[in-house]
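Here is the structure we will look at, set down as structure tokens.
The structure displayed is predicted, hence computed values, not measured ones. If you read the sequence from its start, that first residue is 1, and numbering goes on from there.
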Amino acid sequence: MTTISVLSVRFMFSKKDKTTIYPMLEKVVDVLDPLFSRQIKTSVEVNPFNQAEWQWVFTNPSSAWLYYRLLAQFIYPVNCYAAIGVAKQNDDVLFYEQAMEYSRNALDQSLSFDYPIALYHANYLEDGITNMLLQQWAQLKHQQAPVQSVVQFLYELQLPIYMLEKLQPRPWPRQQIQEIFMLKGTLFDQIKKLNGINTIDFSTAKTENWLELVQNIQVDKVYFSGLYQKGYATKIAQMLGMTRQNIDYHLQHGEIATERHLAAAIAIQLDREWHMM
């Protein structure tokens, strides 16, 4: 089966911040693309008519979703709306254009929401189920406090989740990530509760332990469990210069465990539908 998955992303920011944001976005892409080197069919393309709209082509929708999830965490507090359009090659030689059309249609619909969201369109019966999961995920992320979003990212750096054959785990380039946060300093300064966050000490972080989401879901439970582990609050506290108790509060009330299991459910649902196409 040959399919393509088009990920379209619209970044939302003010004109005065673009000189900071575009260099940051380029550095983030440089960090993420190597993780998906086997799944990205074409490098990112920038819409010549709207430079805030970027597009990638992937071999499958789960990789596109996992890329978007990491992208959204890396660029926070910049908001990004997105869409994943999927088409299968058959007798129609224009299946690439079909995937582009699906992605464009879904992106237009995503922009009607009051909060950043990614929507999925493959013109398939289960699209609506997938999009309800995506909507729940987006609402959870939207409700996180600013500090909780940063705490989640630092947790993800140390215990990132992935899906076999959808992403190739590798060590994080910490120097590049430090540079990304330095660029985000002016953006964080615009959010009162994030002042000074750009001084994160990444050297104190644990070595990343990539967690394969299917293999680590606890099969003795009838609900998703197993993708959140304790033991990271102290390291995150050291990175941010906060107390461990404060980080424990943000990990719990930011619903970090729920976000990870919901993200895994979305990746599995997308893979399930992809194999049924």
Side-chain angles (χ1 to χ4, degrees), residues 9 11 13 20-21 24-25 27-32 35 65-80 82 115-116 118 137-138 140-162 167 169-191 193-211 213 227-242 244 246-264 266:
V9 178
F11 301 102
F13 52 86
T20 296
I21 289 173
M24 180 194 70
L25 292 177
K27 285 183 178 294
V28 171
V29 169
D30 287 342
V31 170
L32 296 183
L35 297 172
W65 157 245
L66 293 171
Y67 191 104
Y68 169 75
R69 175 178 175 269
L70 286 173
L71 175 69
Q73 291 189 67
F74 263 90
I75 68 172
Y76 179 84
V78 176
N79 289 325
C80 57
Y115 49 84
W137 178 86
L140 186 156
K141 291 296 296 177
H142 180 63
Q143 291 167 3
Q144 284 181 338
V147 174
Q148 290 165 358
S149 294
V150 175
V151 167
Q152 171 161 11
F153 175 73
L154 298 181
Y155 185 95
E156 189 76 26
L157 281 183
Q158 298 172 91
L159 194 68
I161 58 173
Y162 78 104
L167 180 161
R170 57 183 289 165
W172 292 116
R174 297 196 182 190
Q175 181 58 42
Q176 289 177 260
I177 294 173
Q178 183 81 62
E179 292 171 1
I180 289 167
F181 266 76
M182 292 296 290
L183 285 170
K184 290 202 291 186
T186 56
L187 303 177
F188 282 171
D189 288 343
Q190 297 173 28
I191 302 174
K193 293 183 178 180
L194 293 182
N195 288 343
I197 287 291
N198 61 314
T199 58
I200 294 171
D201 183 4
F202 287 95
S203 67
T204 63
K206 289 184 178 182
T207 301
E208 61 277 342
N209 176 24
W210 287 88
L211 211 60
L213 58 90
L227 300 180
Y228 178 83
Q229 298 177 3
K230 295 183 178 181
Y232 291 88
T234 299
K235 285 296 182 182
I236 296 173
Q238 291 172 354
M239 296 171 76
L240 290 174
M242 297 181 179
R244 183 187 59 77
N246 197 1
I247 299 302
D248 280 331
Y249 173 88
H250 289 306
L251 287 169
Q252 178 182 353
H253 291 270
E255 298 191 74
I256 310 304
T258 301
E259 186 280 332
R260 289 166 66 86
H261 291 109
L262 187 51
I266 293 168

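In Phe13, the CZ atom is crowded: over 12 heavy atoms of neighbouring residues, nucleotides or ligands sit closer than 6.0 Å.
Residues passing the ring-ring contact (aromatic ring centres under 6.0 Å, His included) test with Phe153, sequence neighbours excluded: Phe74, Phe181. In this structure, the side-chain contact (heavy atoms from CB on, under 4.5 Å) partners of Ala82, at least two apart in sequence or on a different chain, are Leu7, Val9, Tyr68, Ala118. Applying the side-chain contact (heavy atoms from CB on, under 4.5 Å) test to Glu208 and every residue at least two apart in sequence or in another chain returns Pro160, Pro171, Trp172, Arg174, Trp210. Taking the side-chain hydrogen bond (donor to acceptor under 3.5 Å, both in side chains) definition, one finds that Gln158 meets it with nothing, sequence neighbours left out. In this view, Ala138 and Tyr115, Ile117 satisfy the side-chain contact (heavy atoms from CB on, under 4.5 Å) rule, not counting sequence neighbours. Applying the side-chain contact (heavy atoms from CB on, under 4.5 Å) test to Pro77 and every residue at least two apart in sequence or in another chain returns Lys184, Leu187, Phe188, Ile191.
Side-chain atoms of Leu70 and Leu35, non-hydrogen and from C-beta on, do get closer than 4.5 Å to each other. Residues Thr234 and Gln238 meet the side-chain proximity criterion, which asks for heavy atoms closer than 4.5 Å. Taking 4.5 Å as the limit, some side-chain heavy atom of Val78 sits within range of a side-chain heavy atom of Met24. Two residues are said to be in side-chain contact when any heavy atoms from C-beta on lie closer than 4.5 Å; Met242 and Val147 meet this criterion. Looking only at side-chain heavy atoms (C-beta outward), Leu71 and Phe11 come within less than 4.5 Å of each other. Between Tyr76 and Leu194 there is a side-chain heavy-atom pair separated by less than 4.5 Å. A heavy-atom distance below 4.5 Å is found between the side chains of Glu259 and Lys141.
Taking CD from Gln148 and CD from Gln143, the interatomic distance works out to 10.5 Å, rounded to the nearest 0.5 Å. Between atom CZ of residue Arg260 and atom CG of residue Leu159 there is a gap of 4.5 Å, rounded to the nearest 0.5 Å. Note that CD1 of Ile161 is 8.5 Å distant from NE2 of His261, once rounded to the nearest 0.5 Å. Here CD1 of Ile177 is found 10.0 Å from CG of Leu154. Values are rounded to the nearest 0.5 Å. Taking CD1 of Ile180 as the reference point, atom CG of Leu25 lies at 9.5 Å (rounded to 0.5 Å). Within the model, atoms OG1 of Thr258 and CG of Leu227 stand 11.5 Å from one another, a figure rounded to the nearest 0.5 Å.
Closest approach of His142 and Pro116 over heavy atoms only: ND1-CD, 4.4 Å. Considering all non-hydrogen atoms of both residues, Gln144 and Gly254 come closest at NE2-O, 2.9 Å. The shortest non-hydrogen separation linking Gly231 to Lys206 is O-NZ, 2.7 Å.
When each of Ile247, Ile200, Val150, Val151 is paired with Met239, the side-chain contact (heavy atoms from CB on, under 4.5 Å) condition holds for Ile200 and for no other.
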